[in-house]
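Quick note on labels: first sequence line is chain A, next is B, and so on, each numbered from 1.
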Protein chains: 2
Amino acid sequence: MTTARAPQREHIDAESKVDESPQHHRVELRLWLRLLTCATLIEAEIRKRLRENFNTTLPRFDLMAQLERAPDGVLLGELSRRMMVSNGNVTGLVERLVQEGLIERQVSERDRRAAIVRLTEHGRSVFARMASAHSDWVAELLAELPAQEQKALWSQLGDLKHSVHTAIARGQRTAEPGQDR
Amino acid sequence: MTTARAPQREHIDAESKVDESPQHHRVELRLWLRLLTCATLIEAEIRKRLRENFNTTLPRFDLMAQLERAPDGVLLGELSRRMMVSNGNVTGLVERLVQEGLIERQVSERDRRAAIVRLTEHGRSVFARMASAHSDWVAELLAELPAQEQKALWSQLGDLKHSVHTAIARGQRTAEPGQDR
DNA sequence: ACAAGATAGTTTAAGGTTAAAAGAAATTAC
DNA sequence: GTAATTTCTTTTAACCTTAAACTATCTTGT
């Protein structure tokens, strides 16, 4: 009979990192890989802390964040668009959050296909605590970056976002002719 | 009887975007949200193209990319560390890629617990085509960003990465005393 | 040698995610 | 007014992902 083992450390080490930039890769590719590494690193840490501190997940937190600034509630479709995830995904997330008593769901009266969700009183209070901690965590993770550089980075990422949007829009225009809107 | 419907557009619109920067948020938080938006946007587009053009997924592509530069193969654990995902995750991905004949799996002779995976000849050839397209796609998405700005961004993301690593390491140091290595 | 512990990988349970198909209600075209 | 179409949501099947528990093997201390 074996004695109790230390729980296996599935969690990724800060050390282990993708090889971001083999010599022969284009600048664009290296930039994308580094951007992805940064996002993955931060996201993993935030997921971990949300679980450890609030026993919740990032998608649930994101959904609640969307509801927080809409006291009158949001339609599921609008939620799905804002969160950039599929409709079916939202269906499941809402289900679980309702189960936990953090949000409430109500069929629209004007359109009986549609459903509106909003935070409950409890949900609002819980979210306030989570959001505060979340903001602190992000500030902590970026702490070594001077404010000046943070602003510059934010601005440049705006340009990057614009480039991506442009490229995607161009692709859709050529792929779906006559579908203009 | 209804006629055939156009396939539902589950895919997110380029338009629909998270509200990145409510006025009252800290700079750090706004930076993080914008970084996440960029990463999500690019990643979604690449996933979509991998599926449409090669009928594969990003995790599978990533795994093959790790093997590409290791002709002698890689241990599963090493793979898991490099990809920044859990061991169990790699187990499943390897299973499916072996099934597709793109990689091969072999028990290590020196350590019968360990397993080595490497690309098959077929896998290597398929990956070459995928990697080429992938590189083009990324270049296309970032095309509007001047080379100069790409380099600046890459460099600043290096600082960001460093900040995150530092913060995480500091947290682990205080959380797990005596666990130095 | 052998008990104790460490290490490599798999399994399991739970949840997140998507595309596609389908259901239900509203809108539009005639 | 009603058939056709669009819109809002759910369901389904498949995959990705993780933490924790578990199996099998190797290593170490004595």
Side-chain angles (χ1 to χ4, degrees), chain A residues 1-12 40 43-44 47-48 50-52 55-63 74-81 83-97 99-100 105-117 179 181, chain B residues 1-12 40 43-48 50-52 55-63 74-81 83-97 99-100 105-117 179 181:
Chain A
M1 197 194 310
T2 53
T3 53
R5 246 159 308 187
Q8 182 181 344
R9 182 192 302 280
E10 288 283 357
H11 217 67
I12 45 177
T40 303
E43 201 178 313
R47 282 178 190 273
K48 181 182 161 201
L50 277 175
R51 178 173 43 76
E52 290 175 352
N55 190 34
T56 192
T57 67
L58 190 50
R60 293 179 200 193
F61 176 78
D62 285 345
L63 195 153
V74 179
L75 293 177
L76 288 195
E78 179 61 19
L79 206 45
S80 142
R81 244 170 287 122
M83 294 178 69
M84 302 201 284
V85 301
S86 69
N87 272 345
N89 193 348
V90 169
T91 296
L93 289 171
V94 164
E95 214 164 66
R96 285 166 223 127
L97 284 169
Q99 197 63 34
E100 299 183 66
R105 190 201 148 101
Q106 179 184 350
V107 174
S108 164
E109 288 167 13
R110 308 187 329 182
D111 184 341
R112 295 205 315 270
R113 296 167 304 182
I116 294 172
V117 286
Q179 188 78 342
R181 58 183 182 89
Chain B
M1 197 197 308
T2 53
T3 52
R5 248 158 307 187
Q8 183 181 341
R9 180 193 302 282
E10 288 282 356
H11 217 66
I12 43 177
T40 303
E43 200 178 314
E45 185 66 19
I46 290 178
R47 283 178 190 273
K48 181 182 163 201
L50 278 174
R51 178 172 44 77
E52 290 175 352
N55 192 32
T56 191
T57 66
L58 190 51
R60 293 180 200 192
F61 176 78
D62 285 345
L63 195 154
V74 179
L75 294 177
L76 288 195
E78 179 60 19
L79 206 45
S80 142
R81 245 169 287 123
M83 294 178 69
M84 303 201 283
V85 302
S86 69
N87 272 345
N89 194 349
V90 170
T91 296
L93 288 171
V94 163
E95 213 163 67
R96 285 167 222 128
L97 285 169
Q99 197 63 33
E100 298 183 67
R105 189 201 150 102
Q106 180 184 349
V107 173
S108 166
E109 288 167 12
R110 309 185 330 179
D111 183 342
R112 296 206 314 271
R113 296 167 303 179
I116 294 172
V117 287
Q179 188 78 340
R181 57 181 186 88

Options D:dT9, D:dT11, C:dA25, nucleotide nearest the side-chain atoms of A:E95: D:dT11

Pull out every protein N or O sitting under 3.5 Å from an N or O of nucleotides 12-14 of chain C, one pair per line with the distance.
none

With A:R47 via side chain to side chain donor-acceptor pair (under 3.5 Å) - residues at least two apart: A:E43

Nucleotide nearest B:L75 (side chain, heavy atoms from C-beta), chosen from C:dG9, D:dC15, C:dG15: C:dG9

Phosphate OP1/OP2 of C:dT10: any B:R105 side-chain N/O under 4.0 Å: yes

Interatomic distance, B:L50 atom CG to B:R60 atom CZ [nearest 0.5 angstrom]: 11.0 Å

Whole-Å gap separating C1' (C:dT7) and CD (B:E78): 14 Å

Position toward the 5' end of DNA chain C (nearest nucleotide), A:R47 or A:R110: A:R47

Spacing of A:N89 atom CG relative to D:dT17 atom C1', expressed in whole Å: 13 Å

Length of the line joining A:L93:CG and D:dT17:P, which is rounded to integer Å: 17 Å

For atom CZ of A:R51 and atom P of D:dA20, their distance in whole Å: 6 Å

Over 12 foreign heavy atoms within 6.0 Å of CD, A:E52: yes

Atom-pair distance (CG on A:D111; P on C:dA24), nearest Å: 15 Å

With sequence neighbours excluded, residues passing side chain to side chain donor-acceptor pair (under 3.5 Å) with A:R113: A:D111

Gap between atoms CG and P, on B:L79 and C:dG9 respectively (whole Å): 9 Å

Under 4.0 angstrom between A:R112 side-chain N/O and C:dA24 OP1 or OP2: no

Nucleotide nearest A:S86 (side chain, heavy atoms from C-beta), chosen from C:dG15, C:dT17, C:dT18: C:dT18

Distance test, side-chain N/O of B:R113 to OP1/OP2 of D:dC22, below 4.0 Å: no

Presence of B:N87 side-chain N/O under 4.0 Å of C:dG9 phosphate oxygens OP1/OP2: no

